[in-house]
> 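So that we are looking at the same thing, I have put the structure below in structure tokens.
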Amino acid sequence: MASYNQVTLIGNLTRDPELKYTPKGTAIARVSLAINRKWRTDAGVEQEEVTFVDCDAWGKTAELVAQYTAKGDPLFVTGRLKLDSWEDKKTGEKKTRLGVVIEQMQFLRPKSAGDRPAKPKPTSAPAVADADQPSDDVPF
């Protein structure tokens, strides 16, 4: 049976991107998107829900998202769902996290004359496991 795993999201960053590098030098950036949904009930009452989604970007995409985005910025991403699982070192409990691996992105923040300059690229950052999934302690 065929499978298809693609996610398309537009949301606002809930915090500044976290940029780290693997021991081999591959960049990894973690961002969290807030996706808002508003609707009106049959009684005419406005409702709103917010969904928070953790997203990971790798390589050049990671460096770009870390350099050009900040908390509150809108971002359009496409990617794939990925289930991470690990064992909590303190409790020994098995944990899981469903997130998105960003494959493509587009900045949605409008450019203006008063636009903030790009953030400088970090010279060094803590290393993380060199794999397409987090180490065994906690994700990121």
Side-chain angles (χ1 to χ4, degrees):
M1 184 159 120
S3 296
Y4 186 71
N5 183 357
Q6 184 169 1
V7 176
T8 302
L9 300 169
I10 296 177
N12 294 327
L13 272 64
T14 62
R15 61 182 180 268
D16 288 340
E18 300 172 42
L19 180 64
K20 297 184 180 185
Y21 290 89
T22 67
K24 292 183 180 178
T26 304
I28 305 169
R30 168 143 312 152
V31 296
S32 182
L33 293 178
I35 297 106
N36 299 312
R37 175 179 173 250
K38 294 181 182 181
W39 73 95
R40 193 175 299 272
T41 65
D42 293 339
V45 178
E46 269 195 27
Q47 298 286 319
E48 181 176 7
E49 71 179 9
V50 181
T51 302
F52 299 97
V53 180
D54 290 328
C55 303
D56 296 331
W58 290 78
K60 186 67 174 172
T61 303
E63 291 175 341
L64 290 171
V65 76
Q67 185 174 359
Y68 292 107
T69 64
K71 179 180 178 178
D73 285 347
L75 190 64
F76 174 44
V77 301
T78 59
R80 59 184 164 83
L81 289 174
K82 182 164 188 324
L83 181 66
D84 294 322
S85 59
W86 69 97
E87 191 172 295
D88 188 312
K89 287 187 176 180
K90 292 181 182 176
T91 64
E93 190 177 332
K94 185 168 179 149
K95 304 254 183 177
T96 60
R97 175 186 78 96
L98 185 63
V100 172
V101 176
I102 297 173
E103 294 172 348
Q104 295 180 343
M105 68 176 179
Q106 184 172 353
F107 303 124
L108 299 177
R109 183 171 42 96
K111 294 182 180 182
S112 66
D115 205 6
R116 67 177 176 268
K119 295 182 272 184
K121 194 174 182 181
T123 53
S124 65
V128 296
D130 193 29
D132 193 28
Q133 89 176 357
S135 63
D136 62 341
D137 39 324
V138 290
F140 216 73

> Would you name the heavy atoms of Leu19 and Ala27 that are closest together and state the gap between them?
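Closest pair (atom of Leu19, atom of Ala27, distance): CD1-CB, 4.0 Å.
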> Under a 4.5 Å side-chain heavy-atom rule over Ile, Leu, Val, Met, Phe, Trp and Tyr, are Met105 and Phe52 clustered together?
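No, no single cluster joins them.
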> Distance-only, no hydrogens or angles: does the Thr69 side chain make a donor-acceptor pair with backbone N or O of Asp73 under 3.5 Å?
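Not a single qualifying donor-acceptor pair exists.
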> Report whether Leu13 and Ile10 are members of the same hydrophobic cluster (ILVMFWY, side-chain heavy atoms less than 4.5 Å apart, transitive linking).
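Different clusters.
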> For Trp86 versus Asp84, what's the shortest heavy-atom pair and its separation?
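Distance-wise, the nearest heavy atoms are CZ3-O, 3.9 Å.
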> Rounded at 0.5 Å granularity, tell me how far CG in Leu108 sits from CG in Leu75.
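Separation between the atoms: 6.5 Å.
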> From Thr61 OG1 over to Asp56 CG, what is the distance, rounded to the nearest 0.5 angstrom?
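Between Thr61 OG1 and Asp56 CG, I get 12.0 Å after rounding to 0.5 Å.
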> Does Gln47, at its CD atom, have more than 12 non-hydrogen atoms belonging to other residues, nucleotides or ligands within less than 6.0 Å?
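Atom CD in Gln47 is packed in, count exceeds 12.
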> Quick one: list whatever passes side-chain contact (heavy atoms from CB on, under 4.5 Å) with Thr91, sequence neighbours left out.
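Expected list: Asp88, Glu93.
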> Considering residues, nucleotides and ligands other than Glu103, do more than 12 of their heavy atoms fall under 6.0 Å from its CD?
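Atom CD in Glu103 is packed in, count exceeds 12.
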> Should the pair Glu87-Lys94 be classified as a salt bridge under the 4.0 Å nitrogen-to-oxygen rule?
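Here Glu87 does not pair with Lys94 in a salt bridge, since their nearest N and O are not under 4.0 Å apart.
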> Say you draw a straight line from NZ of Lys82 to SG of Cys55; how long is it, rounded to the nearest 0.5 Å?
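So the gap between those two atoms works out to 13.5 Å.
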> Minimum heavy-atom separation for Ala57 and Ala62, please, with both atom names.
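Closest heavy-atom pair between Ala57 and Ala62: O-CB, 3.2 Å.
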> Apply side chain to side chain contact (heavy atoms under 4.5 Å, CB included) to residues Leu9 and Val53 and explain how you reach the verdict.
CA-CA 9 Å; Leu9 300 169; Val53 180; 3.9 Å; yes
> Report the residues that fulfil side-chain contact (heavy atoms from CB on, under 4.5 Å) with Leu81, sequence neighbours left out, ordered by chain and then residue number.
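Leu81: side-chain contact (heavy atoms from CB on, under 4.5 Å) contacts with Asn5, Val7, Leu98, Val100.
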> Could you tell me the separation between the CD atom of Glu46 and the OG1 atom of Thr41, rounded to the nearest 0.5 Å?
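OG1 of Thr41 is found 9.5 Å from CD of Glu46.
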> Closest approach of Val101 and Trp58, non-hydrogen atoms and distance?
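Reported closest heavy-atom pair: CG1-CD1, 4.1 Å.
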> Begin with the C-alpha distance, continue with both residues' side-chain angles, and end with the deciding distance and a verdict on side chain to side chain contact (heavy atoms under 4.5 Å, CB included) for Arg37 and Thr51.
CA-CA 8 Å; Arg37 175 179 173 250; Thr51 302; over 6 Å; no
> Please answer: with hydrophobic residues joined when any side-chain heavy atoms are less than 4.5 Å apart, are Phe107 and Ile102 in the same cluster?
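Yes; Ile102 is reachable from Phe107 via cluster members.
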> Would you sort out whether Glu18 and Arg30 count as a salt bridge (charged side-chain N to carboxylate O under 4.0 Å, His left out), showing the intermediate values?
CA-CA 5 Å; Glu18 300 172 42; Arg30 168 143 312 152; over 6 Å; no
> Considering all heavy atoms of both residues, which atom of Glu63 and which atom of Tyr21 are nearest to each other, and what is their separation?
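Smallest interatomic distance, heavy atoms only, reads OE2-OH, 3.2 Å.
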> Working to the nearest 0.5 Å, report the span between CG of Leu83 and CZ of Arg97.
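Spacing of CG (Leu83) from CZ (Arg97) equals 9.0 Å.
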> Taking all non-hydrogen atoms of both residues, which atom of Gly59 and which atom of Thr26 are closest, and how far apart?
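Heavy atoms of Gly59 and Thr26 come nearest at N-CG2, 4.2 Å.
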> Tell me whether Asp16 contacts the main-chain N or O of Ala70 through its side chain, where contact means a donor paired with an acceptor under 3.5 Å.
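Such a contact is absent between Asp16 side chain and Ala70 backbone.
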